[in-house]
Amino acid sequence: MTTLIDTFESIVGKGNVLIRDRDTTYYRTGYRYGSGAAVAVVFPSTLVEKWRVLQAAVDAGCASIVQATKTGLTGGSCPDGDDYGRPVVIINVSKLKGLRLLRDGRQALALPGDTLFELSQQLKSIDRVPHSVLGSTTIGATIIGGVANNAGGALCKRGSSYTELALFARVNEKGQLELIDHLGIKNLGDTPEEILAKVESGNFGEADIAGDDKSASDTDYINRIRAVDAEVPNRYNADPKRLYEVSGSAGKVACFAVRVDTYEAPERKQVFMLGTNDARDFVDLRRHVLTRFEHLPEMAEYLNRTTFVVAEKYAKDVALSIKYLGTERLPKAYAVKAKAEYILNKIPFLPKYLPDIIMCYAARCFPQHIPKRLREYRDSYEHHLILVTADEAIDEARQHLESEWSHREGVGFFECTDEEQEAALLHRFSAAGAGIRYQNMHQRTTEEALALDIALLSTDPEWVEALPIEVEKHLDIALSYGHYLCHVFHNVYVFRKGTDTERMKKILLDRLEKRGAKFPAEHNFGHMYDADETVRAFHERLDPTNTFNPGIGRTSKQRKTPLPGSHKGSKAAGTS
């Protein structure tokens, strides 16, 4: 390995290659799940350096894992164990930035380290927005990472993150690294290094931009979400119609650039808060909105009362951080906290996740952050819906809520003020980590939280889950929240100490599978879920030698032998 490390250092510089365990631990450990061994973590500073590092790793017979900000929730951007049968190299691409707006901002060209947050900031000046505007925008997820994972988001009209316009590398059947140029930009060059250098420099004009026959977003989603009697969920990671080269690749190729669509920002926004104690009320509302509304809401975010209460107590610091520090500072703050956490977790006498514990206690010193009317709904209703509408959809939603919804027995709604709108959306965002935080605070009496990411059938009558007794008796607390019109839910279970959580997971997933649910819905398989045959076959076509991100979807981590006649080398292929 000494020769390979020397090669990496000659490409990126000695300071950009980490090999000591204490230096690589952070990069070898998942945000919430998984950890494993790696011989080096390499930080290329240019696309050409990334290409050369990939070539060196392939020539040395290594497995390669490309990671960026490491925000994945299922361990898909880090190793899992040390049973790969060959050295593992992590290539961290967070330095590779070069975000550019194309076609008057209607599309964006993103490099591996460009984040959704950075895109949202750049688009503000032209009144446009990116694909996702909720959690991932704040915590630093990259645009390419979202595409690779078919990431969903909360927005009812946009579906999974998707594009057919990409520049990526793969290892072919002969074991050769090749560059596939389907970016839809003409005259980039003939060799991999020429193409990559020109893309990074932006040395091309508007006349070079082509690819009009390819999609840069999931343009059909608005039709799928309205299909309320469909026999499959309307979005999930294994949807074969959303698996295309980089889209859904889960790291089985090494992506250098993508083109993605952007969207007009709404001129007006109004948030409505809805409550009921009968889940059937929301079922009827959902069906009416999807089949009768001309203009769909922007978002429809569900929380059960338990989630509301736990988020209020255990994730208060998250809401306060966003409100007072601002989203501009938050990605760096999360990165600093995560690194401190990994260092402190190594000290035996300290509790795990100490920064989280300190921040949770500190937040209790601040005044109540949830406005009065929202707290009243917390106490009055078991089920809550944050309905976000914009422009023409505002009046349509208001008319229905006033003329029909409000006449149902046992329901309520109100139009949020600006203060209430901000608080409700911050509360929904902070709820995403509330179950994990609850477990951190009760780690002596509970097992690690089990977080399931589920796409239910549109017709599933049991969207409010009735847990079997064999699960219920081990349960400490259960949270449920999600994107209600999409019927995508995030259920978090915290079990008492000593519970076999793998057995609980199997029971829960088996029940869901029998009801036609798909999982994962938007966080991808990582090392937590078993990939189905559709995804396995797709990944094997992309990566026939199992060189990139082996083991994803709980598949084999072992190298697959190249076809006879293979040899070292690389080439550019499929250029546009």
[X] and [Y]: which non-hydrogen atoms are nearest, and at how many Å?
X: Ile144; Y: Ala110; result: CD1-O, 3.8 Å
X: Val258; Y: Ala166; result: CG1-CB, 4.0 Å
X: Asn440; Y: Tyr353; result: OD1-CD1, 3.1 Å
X: Leu387; Y: Pro297; result: CD1-CG, 3.8 Å
X: Leu99; Y: Leu119; result: CD2-CA, 3.5 Å
X: Ala319; Y: Leu426; result: O-CD1, 3.8 Å

Are the ring centres of Tyr377 and Phe308 closer than 6.0 Å? no
Near-ring test Trp405/Phe272, centroid separation under 6.0 angstrom: no
So does [X] have more than 12 non-hydrogen atoms from other groups sitting under 6.0 Å from [atom1]?
X: Arg364; atom1: CZ; result: yes
X: Gln368; atom1: CD; result: yes
X: Glu206; atom1: CD; result: yes
X: Glu404; atom1: CD; result: yes

For [Y], does its backbone N or O pair with a side-chain atom of [X] as donor and acceptor, under 3.5 Å?
X: Thr459; Y: Asp229; answer: no
X: Asp281; Y: Gly275; answer: no
X: Asn549; Y: Ala250; answer: yes
X: Ser458; Y: Val228; answer: yes
X: Arg378; Y: Val309; answer: no
X: Thr163; Y: Leu165; answer: yes
X: Ser406; Y: Leu401; answer: yes
X: Asn150; Y: Ser160; answer: no
X: Asn149; Y: Asn524; answer: no
X: Arg128; Y: Gly105; answer: yes

Checking side-chain contact (heavy atoms from CB on, under 4.5 Å) for the pair Arg259/Leu183: CA distance, chi angles, key distance, verdict? CA-CA 7 Å; Arg259 281 167 57 185; Leu183 196 56; 4.2 Å; yes
Return the [atom1] to [atom2] distance between [X] and [Y], rounded to the nearest 0.5 Å.
X: Cys416; Y: Gln270; atom1: SG; atom2: CD; answer: 7.0 Å
X: Arg305; Y: Tyr381; atom1: CZ; atom2: OH; answer: 10.5 Å
X: Glu382; Y: Asn304; atom1: CD; atom2: CG; answer: 6.0 Å
X: Leu96; Y: Cys255; atom1: CG; atom2: SG; answer: 11.0 Å
X: Ser247; Y: Leu243; atom1: OG; atom2: CG; answer: 8.5 Å
X: Leu385; Y: Leu285; atom1: CG; atom2: CG; answer: 6.5 Å

Tested for side-chain contact (heavy atoms from CB on, under 4.5 Å) against Ile477, the lone hit among Thr307, Val494, Thr446 is Val494
Only one of Ile394, Leu296, Val271 clears side-chain contact (heavy atoms from CB on, under 4.5 Å) with Thr389; which? Ile394
Is it true that [Y] and [X] share a donor-acceptor pair across their side chains at a distance under 3.5 Å?
X: Glu522; Y: His490; answer: yes
X: Gln67; Y: Lys70; answer: no
X: Glu301; Y: His384; answer: no

Yes or no on salt bridge (Lys or Arg N to Asp or Glu O under 4.0 Å) for Glu462 and Arg511, after CA distance, side-chain angles and deciding distance? CA-CA 11 Å; Glu462 199 186 326; Arg511 293 179 75 248; 3.3 Å; yes
Axial cation check for Phe538 ring with Lys252, 6.0 Å and 45° limits: no
Quiz item: cation-pi between Arg158 and Tyr263, 6.0 Å / 45°: yes
Derivation of the side-chain contact (heavy atoms from CB on, under 4.5 Å) call for Glu312 and Arg375: CA-CA 10 Å; Glu312 182 180 0; Arg375 300 199 309 272; 4.1 Å; yes
Decide side-chain contact (heavy atoms from CB on, under 4.5 Å) for His442 and Asp476; before the verdict, give the C-alpha distance in whole Å, the side-chain angles of both, and the deciding distance to 0.1 Å. CA-CA 10 Å; His442 298 85; Asp476 186 69; 5.5 Å; no
Between [X] and [Y], does at least one N-O distance fall below 4.0 Å, as a salt bridge requires?
X: Asp212; Y: Arg103; value: yes
X: Glu118; Y: Lys97; value: yes
X: Asp278; Y: Arg280; value: yes
X: Asp532; Y: Lys518; value: no
X: Arg398; Y: Asp395; value: yes
X: Lys269; Y: Glu298; value: no

Return the orientation label for the Trp463 and His487 ring planes: parallel under 30°, perpendicular over 60°, tilted otherwise. tilted
Using 30° and 60° as the class boundaries, would you call the ring planes of Phe293 and His400 parallel, tilted or perpendicular? perpendicular
Is there a side-chain contact between Leu485 and Ile225, using heavy atoms and a 4.5 Å cut-off? yes
Between Arg515 and Leu456, is there a side-chain heavy-atom distance shorter than 4.5 Å? yes
Test side-chain contact (heavy atoms from CB on, under 4.5 Å) applied to Ile552 and Tyr529, step by step: CA-CA 9 Å; Ile552 284 296; Tyr529 296 92; over 6 Å; no
Check side chain to side chain contact (heavy atoms under 4.5 Å, CB included) between [X] and all other residues, then give those that pass, not counting sequence neighbours.
X: Asp220; answer: Asp218, Asn223, Arg224, Arg242
X: Ala432; answer: Arg428, Tyr481
X: Leu475; answer: Leu467, Glu472, Ala478, Tyr493, Phe495

The side chain to side chain donor-acceptor pair (under 3.5 Å) partner of Tyr244 among His182, Lys214, Glu164 is Lys214
